Structure formats: structure tokens, C-alpha cells
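So the structure is just underneath, and the comments pick up after that.
Not measured: the values here are computed from a predicted model. Indexing begins at 1, ligand by ligand and atom by atom, following the structure's order. Counting begins at 1 with the first residue of the sequence.
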Amino acid sequence: MKQKIAILGSTGSIGKTLINIIKKNKKNFDIILLTSNKNHNDLLKQAYLFNVKNLIITNPVSFNLVKKKKLRKKINIYNNFNNLDKIFTKKIDYVMSAISGIAGLVPTCKIIKYSKKIAVANKEAIISGWNIIKKDLKKNKTEFVPVDSEHFSAYFGIKGFSIKEIDRIYLTASGGPFLNYPLKKFKKINKSMALKHPNWKMGGKISVDSATMMNKVFEIIEAKNIFDTSYKKLSILIHPSSYVHSIINFKNGMTKLIVHDTNMTVPIQNTLFNNVKNKTFISELDINKLNNLNFQKVNEKKFPVVKILKTLPVTSSLYETLIVSTNDMLVDLFLNNQIKFLDIQKYLFKILNDKKLKKLKNIKPKNVNEIINLDKYLRTKITKLIYK
Ligand code: NDP
Ligand code: MG
């Protein structure tokens with residue numbers, strides 16, 4: 001029987017990697033839903049190729065353009081995630097949540113009940129809405145699988161063990177494009193420099209987060225949530241070649257290093273297939289790379305955002321939304337050439353050090369609306385702060 005699947009954010013970097021895996025295994029999958037924001041051209045191409053009957057296009061301009069088009073096939077097109085009842089008549093097998101930024105939170109929460117399994121790449125949702133996602137997963141008996149390479153590798157490495165048997169998990173970081181770039185030149189960094197990641201081909205937002213190292217701050221919070229552990233057990237290690245993705249240090253003195261090529265096909269295909277055979281991408285062990293493993297501590301002077309890790313509340317709160325939303329907005333402004341690279345950290349710390357906003361550390365979000373309302377409030381506040 002064909003597996004029924006849906007991809008949120010199918011026109012993005014993660015989405016397209018998954019689409020390529022499915023292309024090579026076409027007879028095994030039936031795609032029920034694909035979504036995008038603006039990129040209706042690629043979305044329609046995907047829909048024709050896989051005979052997909054349902055599309056969601058959230059951007060109003062793109063949605064209206066497609067609605068006016070004469071389509072080659074009968075396709076239901078929606079502009080929001082409020083009609084999932086019409087799309088899914090019964091539980092499907094697999095959903096990939098790969099919308100970027102906090103915009104992925106609501107769709108991720110809404111789709112959980114319609115799938116037996118959900119693979120979540122959208123780290124912003126895991127960070128800001130984990131309390132809610134966790135409850136929904138349990139209530140709907142939906143299996144969760146992480147997609148982020150460090151988290152998938154740790155998830156794979158600790159299978160069969162309890163978190164109590166683990167002393168420490170190290171998440172590796174390539175260091176991004178500015179690992180060896182002199183700090184005194186940081187003020188000259190522009191968009192194209194920040195988008196040029198040395199090892200990974202990714203979407204714009206996460207590429208900038210890798211350049212500032214915010215991505216690693218996110219990943220530590222993500223790991224704390226997914227593995228239900230404390231920050232004390234989690235560390236970042238700079239590893240420029242990105243061959244090792246995580247290191248798991250067990251209490252019995254044994255340590256596992258999980259390695260694979262710097263290709264997101266590896267974790268993504270493993271979230272899709274339940275067994276270890278029949279893969280589209282086989283990554284052979286590269287002895288040369290193993291001989292040149294190189295680990296370093298993070299330089300806090302160059303990448304001050306990692307200091308945020310020392311200020312995080314022990315249990316999840318609305319403060320994590322504060323970090324995610326503020327960063328989301330600042331990166332967006334940087335990508336639109338409205339602020340400079342160093343302004344991202346400058347304004348981020350301004351917001352995070354606001355005495356009133358610090359109190360969010362004591363508030364646990366009860367529902368998605370509280371997170372979305374805070375996000376909206378922050379967008380206005382940050383606009384005022386920058387354009388005062
Ligand atoms: P991309 O920017 O390449 O793609 C984002 C996808 O989300 C696109 O389909 C885009 O549509 C859609 N989208 C963007 N904004 C909205 C919105 N407001 N409403 C609805 N849909 C929207 O991102 P990536 O694929 O790189 O990343 C996706 C997620 O996965 C992120 O959270 C990222 O942190 C995480 N991740 C990514 C990795 C990678 O290697 N790329 C690795 C680990 C995690 P459109 O094309 O129309 O703009
Ligand atoms: Mg990662």
C-alpha cells in the first residue's frame with residue numbers, strides 16, 4: 001500500500017530535498033497535500049508531477065494569481081490551514097513540517113491530529129510551542145521525529161537508552177561562514193557573505209542564523225525539549241567539517257559519535273522510511289575526514305548570541321518565543337537590506353534585556369494564541385525600536 005503523506009513548506013530547501021527522495025520512490029507514496037507561501041510556480045510543478053489534489057498557498061497575492069489560472073488538473077487550492085478536515089478524511093502516514101520561522105507553528109500544531117507520524121524540521125515551532133506540541137502528540141498518538149541533523153543523529157544514537165543513562169550530548173556547529181573571519185571586519189558583512197554557508201545549502205533564514213550562531217542557541221533549546229533533558233547536559237562544539245553531527249557521552253564511559261555527509265537527505269530519508277534498508281542516499285564512511293576531526297570551543301566575542309544560553313529559564317516559557325520572534329524579525333530585516341549584520345545582535349540584546357520582557361521567563365504558554373499574540377506585539381515593538 002502507498003504511504004499517504006503531506007509536506008508543509010514543500011518549495012523550501014528541506015521540502016525540495018524530501019520531494020527528490022520521493023521522486024526516486026514514486027510508486028510508494030501518495031502526496032495528499034503540499035504547501036508554500038509565495039512560490040506558486042514550483043508548488044504547481046510539484047502538484048502536477050505527483051498528481052497532488054490539495055495545495056495551500058498562504059501569501060494572498062500568490063493565492064489569487066493561482067486562483068485565476070486555468071489549471072491542467074483539478075486541484076483544491078486553499079489559502080490557510082483551516083480546512084484540513086476537508087483534505088484529510090482519515091489519518092495519513094507522514095507529515096513533514098518544514099515551513100521556516102515562527103510561521104510554521106500554527107500549521108504544525110493544526111496538522112498533528114491528521115497524521116500517524118510528524119517529522120519536524122521547523123525548529124522555531126519546537127522552541128516556542130513545545131508544551132503545546134507535546135500535548136497534541138500525546139493526545140493524538142502521533143509519533144514525533146526530529147529532522148535537524150544534530151537532533152536526528154542524537155535521536156538515532158540514543159535509541160534504546162534512557163536519557164538518565166546519558167551524561168552529556170554535544171551538538172556540533174560548523175561555525176558558519178565567519179568562523180575564521182576577523183572580528184574587526186564583522187561590520188562589513190553583507191547579505192551575500194552571510195548567505196554563503198561553507199558546508200550546507202539551506203534556506204536564507206537558517207543560513208543567517210548559522211552565520212550569527214543563533215542557530216546553535218536554537219538547537220540547544222530544541223534538544224532540551226526533544227530529549228526532555230536539562231541544559232546542563234547539552235553543549236556546543238565547533239567542528240568545521242560538519243562530519244560528526246552529535247556526540248553522546250554515556251554514563252558507563254562509552255561515547256558515540258554519529259557521522260554522515262553534510263547532506264540533509266540522510267536525516268530526512270530516515271524520518272520517512274522506518275527501516276534501515278532501501279535508502280536513496282548511502283553515505284560511506286570517509287576515513288580522510290575521520291582522520292581530520294577538529295573540535296573547538298565557541299568564541300563568545302565573535303558570536304555573543306551564545307551567551308543567551310546562560311540566561312534561559314529551566315522550563316519552557318514565553319521567553320523562548322521572545323527570542324525566536326525577535327530574531328525572526330531581525331533576520332528578515334537584514335535579508336531585506338533594512339539593517340546591518342551586527343544590528344541583529346544589537347537589537348536582539350536590547351529586546352532580551354528589557355526588564356518587563358524578562359518576566360516572560362515565568363509564564364508558560366497555555367495555547368498557540370498566546371505565542372502568536374506575543375509575536376504580533378513584538379513585531380510592533382521592534383519596528384518602533386528601529387524606526388523611532
Ligand atoms: P526555506 O526558506 O528554504 O523554505 C521555507 C518553506 O516555508 C518554503 O516552502 C516557503 O514557501 C515556506 N514559508 C515561508 N514562510 C512562510 C509563511 N509565512 N507561511 C507559510 N509558508 C511559508 O527554509 P528551509 O527549508 O531551509 O528551512 C525550513 C525549516 O527547517 C526552518 O525552520 C529551518 O530552521 C529548519 N531546518 C532547515 C535545515 C536546512 O538544511 N535547510 C536544517 C535543519 C533545520 P515559499 O517557497 O513560497 O517562500
Ligand atoms: Mg542543525
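Between Asp93 and Lys4 there is no salt bridge, since no side-chain nitrogen of the basic residue lies less than 4.0 Å from a carboxylate oxygen of the acidic one. A salt bridge between Lys350 and Asp354 is absent, with no side-chain N of the basic residue lying under 4.0 Å from a carboxylate O of the acidic one. With respect to Asp167 and Lys251, no salt bridge is recorded, no charged nitrogen being found less than 4.0 Å from a carboxylate O. In this structure, Lys139 does not pair ionically with Asp136, as no charged nitrogen and carboxylate oxygen lie closer than 4.0 Å. Comment: Lys123 does not engage Glu150 in a salt bridge, judged by the lack of any side-chain N to carboxylate O separation of less than 4.0 angstrom.
Looking only at heavy atoms of the protein, atom 19 (N) of ligand 1 is closest to Thr58 OG1, 3.3 Å. In this structure, atom 27 (O) of ligand 1 lies nearest to the protein heavy atom Ile14 CG1, 4.2 Å. Nearest protein heavy-atom neighbour of atom 32 (O) of ligand 1: Glu124 OE1, 2.7 Å. For atom 10 (C) of ligand 1, the closest non-hydrogen atom on the protein side is Thr11 OG1, 4.0 Å. The nearest protein atom to atom 4 (O) of ligand 1, hydrogens excluded, is given as Gly12 CA, 3.1 Å; this is a heavy-atom distance. Looking from atom 13 (N) of ligand 1 to the surrounding protein, the closest heavy atom is Asn37 CB, 3.7 Å. Looking only at protein heavy atoms, the nearest one to atom 5 (C) of ligand 1 is Ser100 OG, 3.5 Å. Distance from atom 43 (C) of ligand 1 to its nearest protein heavy atom, with residue and atom name: Asp148 OD1, 3.1 Å.
Between the OE2 atom of Glu219 and the OD1 atom of Asp148, the angle taken at the Mg ion (ligand 2) works out to 90° after rounding to 10°.
Annotation for ligand 1: atoms under 4.0 Å from non-hydrogen atoms of Ala121 are 30 (O), 32 (O), 35 (C), 36 (N), 44 (C). Short contacts between ligand 1 and Ser36, defined as distances under 4.0 Å to a heavy atom of the residue, involve ligand atoms 11 (O), 47 (O). Taking a cut-off of under 4.0 Å to the non-hydrogen atoms of Asn39, the atoms of ligand 1 that pass are 45 (P), 46 (O), 47 (O). Annotation for ligand 1: atoms under 4.0 Å from non-hydrogen atoms of Asn122 are 32 (O). Listed by number with element, the atoms of ligand 1 under 4.0 Å from a non-hydrogen atom of Met264 are 40 (O), 42 (C).
Within the structure, the closest approach of Lys123 to ligand 1 falls below 4.0 Å when heavy atoms are considered.
Residues Leu378 and Val324 form no side-chain contact, since every pair of their non-hydrogen atoms from C-beta on lies 4.5 Å or further apart. No side-chain heavy atom of Ile258 sits less than 4.5 Å from a side-chain heavy atom of Phe152. Counting heavy atoms from C-beta on, the side chains of Lys289 and Val259 never come closer than 4.5 Å. Contact of the Ile111 side chain with the Leu33 side chain is registered, since non-hydrogen atoms from C-beta on lie closer than 4.5 Å. Two residues are said to be in side-chain contact when any heavy atoms from C-beta on lie closer than 4.5 Å; Glu370 and Thr321 fail this criterion.
Aromatic ring orientation, Tyr181 versus Phe178: tilted (interplanar angle from 30° to 60°). Between Phe250 and Phe161, the ring planes are tilted. Angles from 30° to 60° get that label.
Looking only at N/O/S atoms, Glu150 comes nearest to the Mg ion (ligand 2) through OE1.
Only the side chain of Ala103 comes within 4.0 Å of ligand 1, judged by heavy-atom distances. Contacts with ligand 1 closer than 4.0 Å are made by no heavy atom of His40, backbone or side chain.
For the pair Lys26 and Phe50, the cation-pi criterion (under 6.0 Å, within 45° of the ring axis) is fulfilled.
The option with the heavy atom closest to atom 6 (C) of ligand 1, from among Ala98, Ser10, Ser149, Ser62, is Ala98. Nearest residue to atom 26 (O) of ligand 1 from Gly203, Gly204, Ala125 is Gly203 (criterion: closest heavy atom). Selection from Ile206, Asp42, Ile99 by nearest heavy atom to atom 29 (C) of ligand 1 gives Ile99.
At under 3.5 Å, not a single nitrogen or oxygen of Trp200, backbone or side chain, sits near a nitrogen or oxygen of ligand 1. Where the criterion is an N or O separation shorter than 3.5 Å, residue side chain and backbone included, Thr35 fails it with respect to ligand 1. Considering backbone and side-chain atoms together, Ser13 places an N or O closer than 3.5 Å to an N or O of ligand 1.
For the residue pair Asn39 and Thr11, no side-chain donor N or O sits within less than 3.5 Å of a side-chain acceptor on the partner.
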